[in-house]
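Written below as structure tokens is the structure these notes are about.
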2 protein chains.
Amino acid sequence: MTAARFESIMELPLFAEMTEESFDILTRGAFVQNFPPNMVMISEGEPADFLHIVQSGCVELFSTWSNRETSVTTLYENSTFILAATMKDRMNLMSARTLQKSRIIMIPSENVREVFATDTEFALAIVDELSRCYRATIRNMKNLKLRTSIERLANYILKQHHRQGDVLAYQLPIEKRILASYLGMTPENLSRAFNNLKPYGVSVDGQTITITDLDTLVVFAKPDVLID
Amino acid sequence: MTAARFESIMELPLFAEMTEESFDILTRGAFVQNFPPNMVMISEGEPADFLHIVQSGCVELFSTWSNRETSVTTLYENSTFILAATMKDRMNLMSARTLQKSRIIMIPSENVREVFATDTEFALAIVDELSRCYRATIRNMKNLKLRTSIERLANYILKQHHRQGDVLAYQLPIEKRILASYLGMTPENLSRAFNNLKPYGVSVDGQTITITDLDTLVVFAKPDVLID
DNA sequence: CGGGCTGCTTGACATTTATCAAGCAGTTCT
DNA sequence: AGAACTGCTTGATAAATGTCAAGCAGCCCG
């Protein structure tokens with residue numbers, strides 16, 4: 001019998017097709033944990049003992065080196081993380097920190113590997129999710145290497161526009177300093193980049209982004225399905 | 001019965017544990033193709049019809065956007081590529097070009113997906129390989145975002161030193177313009193970066209790199225197992 | 001064998017981005 | 001309610017990196 005507290009994730013693509021028995025084995029020993037904002041819940045270099053799923057809230061994956069830090073990605077409701085490290089039973093390459101009060105489901109990595117070996121539908125879903133995450137990272141790296149910082153911002157603005165239902169005014173989902181880090185620039189430079197995009201149809205008021213001339217912005221940004 | 005021309009890959013980790021019957025199904029309709037140097041064999045945006053394996057030679061994965069190009073990685077003997085696109089039956093996010101005369105094994109993607117569903121050992125090996133590639137890309141992106149270009153070069157020099165058996169003098173495996181692109185800089189800047197590393201124990205003569213003071217170079221580069 | 005081409009290096013200069021500082025607005029805590 | 005703190009913006013300057021040009025060495029092709 002499935003614990004009620006995991007019911008919310010049964011319909012996620014990762015779990016939707018597996019047998020009920022597999023789901024029971026998977027969640028045996030799993031638990032839900034609440035974290036306050038700005039808490040580091042995982043540190044790079046640590047072993048990956050759990051697969052994590054964001055039930056609610058917002059989590060930032062980041063890394064540091066030689067007193068420098070970069071934001072790798074931001075995860076929202078229904079996202080999984082630490083999948084590759086879980087499957088390879090290796091240490092985390094990234095740390096994770098809550099940006100908001102968050103509720104996280106933690107599933108023991110050995111359960112994930114056990115069910116992977118026995119439930120073909122789960123195996124297919126795992127490979128699908130791994131491939132999707134890997135491809136997203138390739139797109140991200142192409143974005144970083146092929147585009148200047150203002151181009152990355154322009155394309156981010158367009159991508160959020162689509163993500164939020166093609167509205168012309170929307171709220172940034174994260175603080176600007178986190179966005180700057182994610183896009184590979186300093187907060188000062190992000191501020192200047194937003195200003196430099198004004199002639200291309202972008203207006204900013206705090207967390208509110210308004211696209212005042214979509215066609216001009218698209219011409220400048222040159223979005224590409226192989227990157228964005 | 002296994003075609004003799006595929007015997008060379010039977011012992012690769014991806015295939016070593018599967019049943020002989022699975023291997024036969026996998027390689028049904030597969031073929032080996034010879035490519036001359038500098039030939040683009042795959043273009044980004046095309047469907048991923050085959051899983052590719054480098055039997056011999058050298059292949060560069062690269063991407064372009066808005067008349068700009070970047071080198072993503074370089075593959076040598078016994079490397080696979082186009083695995084994530086194969087498993088998700090999606091278009092390629094990268095192009096591939098031979099750097100040398102190369103011999104490539106091409107396995108139909110649908111065979112890969114079919115055997116994945118039926119052979120548990122192969123499924124485990126696929127997930128292992130996907131996780132390894134994904135984690136390598138995360139390390140690469142951390143390298144790009146957290147380090148300056150001269151730091152990336154210093155760490156590359158150290159990594160090649162280890163890859164070539166801890167010798168203090170070795171040959172660069174690729175042309176310097178490809179290396180520059182891979183490290184995210186122009187060939188002019190790579191040349192200057194090599195020169196700027198001289199005080200830190202690096203000497204260059206054409207393709208030959210000599211580490212004249214390993215300790216000094218290590219102190220400068222600050223290698224990190226979570227990146228390199 | 002010679003001309004043409006390619007890869008690489010170096011110099012000069014331009015552009016992009018980072019760093020540092022200061023100020024402002026909003027939030028949080030006492 | 002006020003002080004302290006944080007996020008953000010702007011200005012000035014520094015550093016990193018790109019661009020353009022020229023020259024050289026080695027390789028390839030006719």
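Letters A, B, ... mirror the listed sequences (proteins, then strands); counts begin at 1.
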Summary of protein contacts for nucleotides 20-29 of chain C, nucleotide by nucleotide, where a base hit scores B, a sugar-phosphate-only hit scores S (4.0 Å, heavy atoms) = BB--------
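Residues forming a salt bridge (Lys or Arg N to Asp or Glu O under 4.0 Å) with Glu46(B) (at least two apart in sequence, or on another chain): none. Judged as a salt bridge (Lys or Arg N to Asp or Glu O under 4.0 Å), and not counting sequence neighbours, the contacts of Glu175(A) are Arg177(A). In this structure Asp213(B) satisfies the salt bridge (Lys or Arg N to Asp or Glu O under 4.0 Å) test with no other residue, sequence neighbours excluded. Shown here are the salt bridge (Lys or Arg N to Asp or Glu O under 4.0 Å) partners of Asp89(A), two or more places apart in sequence or in another chain: Arg113(A). Residues satisfying the side chain to side chain donor-acceptor pair (under 3.5 Å) test with Gln100(A), not counting sequence neighbours, are none.
Atom NZ of Lys198(A) is separated from atom C1' of dT9(D) by 10 Å (rounded to the nearest Å). What separates CG of Leu190(A) from P of dG7(D) is a distance of 14 Å, to the nearest Å. Protein atom CG of Asp205(A) is 13 Å distant from nucleotide atom C1' of dT9(D), rounded to whole Å. If you take CG of Asn189(B) and P of dT17(C), they are 14 Å apart, rounded to a whole angstrom. Residue Leu99(B) contributes atom CG, which lies 15 Å from atom C1' of dT6(C) at whole-angstrom precision. Here dT19(C) presents its C1' atom at 16 Å from CG of Asn67(A), a figure rounded to the nearest Å.
Note on residues 201-211 of chain B: pairs passing side-chain hydrogen bond (donor to acceptor under 3.5 Å, both in side chains), not counting sequence neighbours, are Gln171(B)-Thr208(B). Screening residues 192-201 of chain B for side-chain hydrogen bond (donor to acceptor under 3.5 Å, both in side chains), with sequence neighbours left out, gives Asn195(B)-Lys198(B).
Across its full length, the helix from dC1(C)-dG30(D) to dT30(C)-dA1(D) shows an angle of 50° between the axes of its 5 terminal pairs at either end, rounded to 10 degrees.
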Check: residues 217-228 of chain A side-chain donor-acceptor pairs under 3.5 Å, at least two apart:
unit_1, atom_1, unit_2, atom_2, d
Asp224(A), OD1, Leu226(A), N, 2.8
Asp228(A), OD1, Arg147(A), NH1, 2.8
Asp228(A), OD2, Arg147(A), NH2, 2.9
Asp228(A), OD2, Asp224(A), N, 2.8

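Dashed line: the shortest gap from a side-chain N or O of Ser191(B) to OP1 or OP2 of dC8(C) is not under 4.0 Å. For the OP1/OP2 pair of dA18(C) and a distance below 4.0 Å, the side-chain nitrogens and oxygens of Thr186(A) include at least one atom meeting the criterion. At the phosphate of dC8(D), OP1 or OP2 sits under 4.0 Å from a side-chain N or O atom of Gln207(A).
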Any N/O pairs under 3.5 Å between the protein and nucleotides 27-29 of chain D? List them or say none.
none

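A distance-only check finds a donor-acceptor pair linking the side chain of Ser109(B) to the backbone of Ala48(B) [under 3.5 Å].
Using cut-offs of 30° and 60° on the angle between ring planes, the pair Phe50(B) and Phe31(B) is perpendicular.
Contacts between residues 143-155 of chain B and DNA chain C, defined by a heavy-atom separation under 4.0 Å, are absent.
Nearest-nucleotide positions on DNA chain C place Asn195(B) closer to the 5' end than the other of Met185(A) and Asn195(B).
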